[in-house]
Q: 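Below are the structure tokens for one structure; questions will follow.
Because only heavy atoms are used, hydrogens play no part in the values below, and waters and symmetry mates are left out as well, while side chains stay in. Each chain gets a letter, A, B and so on, in the order the sequences are listed, and its residues count up from 1. Just so you know, these numbers come straight off a predicted model, no measurement behind them.
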Protein chains: 2
Amino acid sequence: MRYHKVPDETIRRLPVYLRGLCSFPNNGSHSISSQQLADILHVKSPQVRKDLSYFGDIGTPGVGYDIQKLTKHIRAILQLNNVHCAALVGYGNLGAALLKYTGFGTFCIEINTVFEKDPRKIGRVVRNIKIEEVSKISSLSKRGISIAILAIPAAESQDVTDKLVNAGVGGILNFTSSYLSVPANVKVINIDIGVSLACLPYYLPVGA
Amino acid sequence: MRYHKVPDETIRRLPVYLRGLCSFPNNGSHSISSQQLADILHVKSPQVRKDLSYFGDIGTPGVGYDIQKLTKHIRAILQLNNVHCAALVGYGNLGAALLKYTGFGTFCIEINTVFEKDPRKIGRVVRNIKIEEVSKISSLSKRGISIAILAIPAAESQDVTDKLVNAGVGGILNFTSSYLSVPANVKVINIDIGVSLACLPYYLPVGA
DNA sequence: GAAACTCTGTGAACGAGAACTCAATCACGG
DNA sequence: CCGTGATTGAGTTCTCGTTCACAGAGTTTC
Ligand SMILES: NC(=O)c1ccc[n+]([C@@H]2O[C@H](COP(=O)([O-])OP(=O)(O)OC[C@H]3O[C@@H](n4cnc5c(N)ncnc54)[C@H](O)[C@@H]3O)[C@@H](O)[C@H]2O)c1
Ligand SMILES: NC(=O)c1ccc[n+]([C@@H]2O[C@H](COP(=O)([O-])OP(=O)(O)OC[C@H]3O[C@@H](n4cnc5c(N)ncnc54)[C@H](O)[C@@H]3O)[C@@H](O)[C@H]2O)c1
């Protein structure tokens, strides 16, 4: 399923809608209006309608959106209907935290592969996953894994990225502070915690 | 120092510029052009000039930007000239990773306070920081701490946020998946790892 | 010291995304 | 089966941010 031209911002909101729908109190009614959805998620209701309208007529005028149908529809758009396996590269401070986290299941994503460079960590088993050495990255395509999470030092990131791309990985979540150079058909999403934190002082009252 | 009207996007790029300047090979030349800076950071050169021009004449035509002067200037804009102490709330998987991380020093930010709810963790000392109980949050204003990092379960986030705001905190880095309701003078920056990860499958080739 | 060259700063054009508005649509009750 | 009320979907406007283009300031060269 691919659609004409959908803003990236819309895609970013879809998982948020999904989470909102899950937590919506299922008191009798089977449907939810764009206004109710907007209230939960703290966006405006025209925003919700516009976002959803990119993907065809999902709602019914006068009623709203059928909760189950909408949920399934959003999952289909995001390709979250079947479980996606993801590979974690770098089992350090951050990598360990991500691996222990169980919340990605909401989005049908499961880390089931871990790569490391440090020989002392290779071979260890965490949450039933055996930590493998980085050279095994090339086997990702065979295993049908096309999502990777990068949690290694910045200096090594481009090198490992190239290996991931060669192994057929199509989406990378990058916690590194480096810019990753990838072919056009590979999607990188960056999370730069340091930069986000560094922005905060700007907004503080002067001298605080 | 406060400026007329600067786009949030510009502020978000300033820490990136800062990091780029630090890593710029200091081979003889004391200055750097908007083009060179743009190349390092993978943005366009007019973007760099526009961003910097919001804050007055920093560069010199025909030459570029004096590296030292520019660095100091950006630090001043972001209020990163003196060290900011930050409080971490929640010493779980993610909190522990953040506390161990040493990279925030680049931006003059230092986590020096940790709050927990779990009695088994309270009192422990990590990296010379004694983990305190959440009720101590109210003492933050006395200690001159106005930045907090939220790494606790979503269910508790609004409650703790209210306490932080009452204690005079003006900036919150929120790793929780909840929307935080705060007064207008408090800045919240959200990092929702789950949502970022959930976006990736959309961009994969269909059926991958 | 003038001419040629380099690079900044900024107003103006452009584009993307958010918010607004309203006609078309559907459920429901009489 | 038609009128009423609710709510969607989409065309339009508005806002924000990026890109462009060029005038002007500074530097170097001869
Ligand atoms: N709180 C945080 O932990 C935090 C905050 C902001 C940014 N980051 C960024 O996230 C990344 C990871 O941070 P961290 O704190 O977990 O670092 P870390 O040093 O604790 O862990 C890095 C791990 O990657 C492994 N590694 C190194 N090179 C590798 C390679 N080529 N292939 C596979 N594994 C390799 C190391 O052995 C180590 O276990 C860094 O880029 C860091 O800047 C982390
Ligand atoms: N990889 C990750 O760890 C990850 C990924 C995505 C999102 N998150 C989000 O980050 C947050 C923290 O995740 P985590 O994995 O570290 O969870 P965690 O359960 O490991 O840690 C939470 C910690 O917060 C403490 N806590 C609970 N209530 C508190 C309160 N009121 N005051 C102070 N401390 C309190 C708990 O005692 C615990 O130590 C969650 O909201 C989670 O959804 C984490």
Q: Using a 4.0 Å heavy-atom cut-off, does Ser34(B) contact any base of the nucleic acid, only the sugar-phosphate backbone, or nothing at all?
A: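 Answer is sugar-phosphate: Ser34(B) comes under 4.0 Å of backbone atoms only.
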Q: Which whole-number value in Å describes the distance from Tyr54(B) OH to dG9(C) C1'?
A: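 These atoms are roughly 12 Å apart.
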Q: Contact class for Ile58(A) (heavy atom, under 4.0 Å): base, sugar-phosphate, or nothing?
A: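 Since only primed, P, OP1 and OP2 atoms lie under 4.0 Å of Ile58(A), the category is sugar-phosphate.
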Q: Between Leu41(A) (CG) and dA19(C) (C1'), how many Å, whole number?
A: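 That distance rounds to 17 Å.
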Q: For Pro61(A) and Val63(B), take the nucleotide of DNA chain C holding the closest heavy atom to each; which residue's nucleotide lies nearer the 5' end?
A: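 Going by which nucleotide is closer to the 5' end, it is Val63(B).
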Q: Between dA16(C) atom P and Asp8(B) atom CG, what is the distance in whole Å?
A: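 Between P of dA16(C) and CG of Asp8(B): 21 Å.
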Q: Would you check if there is a donor-acceptor pair between the side chains of Tyr17(A) and Asp51(A) at a distance under 3.5 Å?
A: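 There is such a pair between these side chains.
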Q: Could you work out which one of dG9(C), dC20(D), dT8(D) sits closest to the side chain of Pro46(B)?
A: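 Side chain of Pro46(B) sits closest to dC20(D).
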Q: Starting from C1' on dC7(C), measure out to CG on Asp57(B) and report it in whole angstrom.
A: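 Taking CG of Asp57(B) and C1' of dC7(C), I get 13 Å after rounding.
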Q: Do the side chains of Arg19(A) and Asp192(B) get close enough for a salt bridge, i.e. N-O under 4.0 angstrom?
A: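 Salt bridge: yes.
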Q: Once you round it to whole Å, what is the distance between P of dT6(C) and CD1 of Ile32(B)?
A: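 Result: 18 Å.
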Q: What is the separation between atom CG on Leu14(B) and atom C1' on dG17(D), rounded to the nearest whole Å?
A: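 To the nearest whole Å, that distance equals 15 Å.
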Q: Are the charged groups of Glu132(A) and Arg143(A) less than 4.0 angstrom apart, N to O?
A: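 Yes.
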Q: For dA6(D) and Tyr65(A) - does any side-chain N or O of the residue sit under 4.0 Å from the phosphate oxygens OP1/OP2?
A: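 No, because none of the side-chain N or O atoms of Tyr65(A) sits under 4.0 Å from OP1 or OP2 of dA6(D).
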Q: NA contact type, Pro7(A), heavy-atom cut-off 4.0 Å: base, sugar-phosphate, or nothing?
A: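 Answer is sugar-phosphate: Pro7(A) comes under 4.0 Å of backbone atoms only.
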Q: Look at the side chain of Arg49(B) and decide which nucleotide, out of dT18(D), dA18(C), dG9(C), has an atom nearest to it.
A: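 Output: dG9(C).
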Q: Would you say Glu110(B)'s side chain and Val83(B)'s backbone share a donor-acceptor pair under 3.5 angstrom?
A: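 Judged by distance alone, no pair lies under 3.5 Å.
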Q: On DNA chain C, does the nearest nucleotide to Gly62(A) precede the nearest nucleotide to Gln47(A) from the 5' side, or the other way round? Give the residue.
A: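 The answer here is Gln47(A).
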Q: To the nearest Å, how far apart are Ile11(A) CD1 and dG17(C) P?
A: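 Interatomic distance, CD1 of Ile11(A) to P of dG17(C): 11 Å.
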Q: When you measure from the side chain of Lys50(B), which nucleotide among dC20(D), dT8(D), dG11(C) comes out closest?
A: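 Ranking dC20(D), dT8(D), dG11(C) by closest atom to the Lys50(B) side chain puts dG11(C) first.
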Q: Phe55(A) has an atom CZ; how far is it from atom P of dA10(D), in whole Å?
A: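 Nearest whole value for this atom pair: 13 Å.
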Q: Give one of base, sugar-phosphate or nothing for Arg12(B), where a contact means two heavy atoms less than 4.0 Å apart.
A: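 Here Arg12(B) touches no strand at all.
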Q: With the threshold set at 4.0 Å, does a side-chain nitrogen-carboxylate oxygen contact exist between Asp159(A) and Lys163(A)?
A: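 Yes, Asp159(A) and Lys163(A) are salt-bridged.
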Q: Just call it for Asp51(A): base, sugar-phosphate, or nothing, with non-hydrogen atoms closer than 4.0 Å on any strand.
A: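 Contact class for Asp51(A): none.
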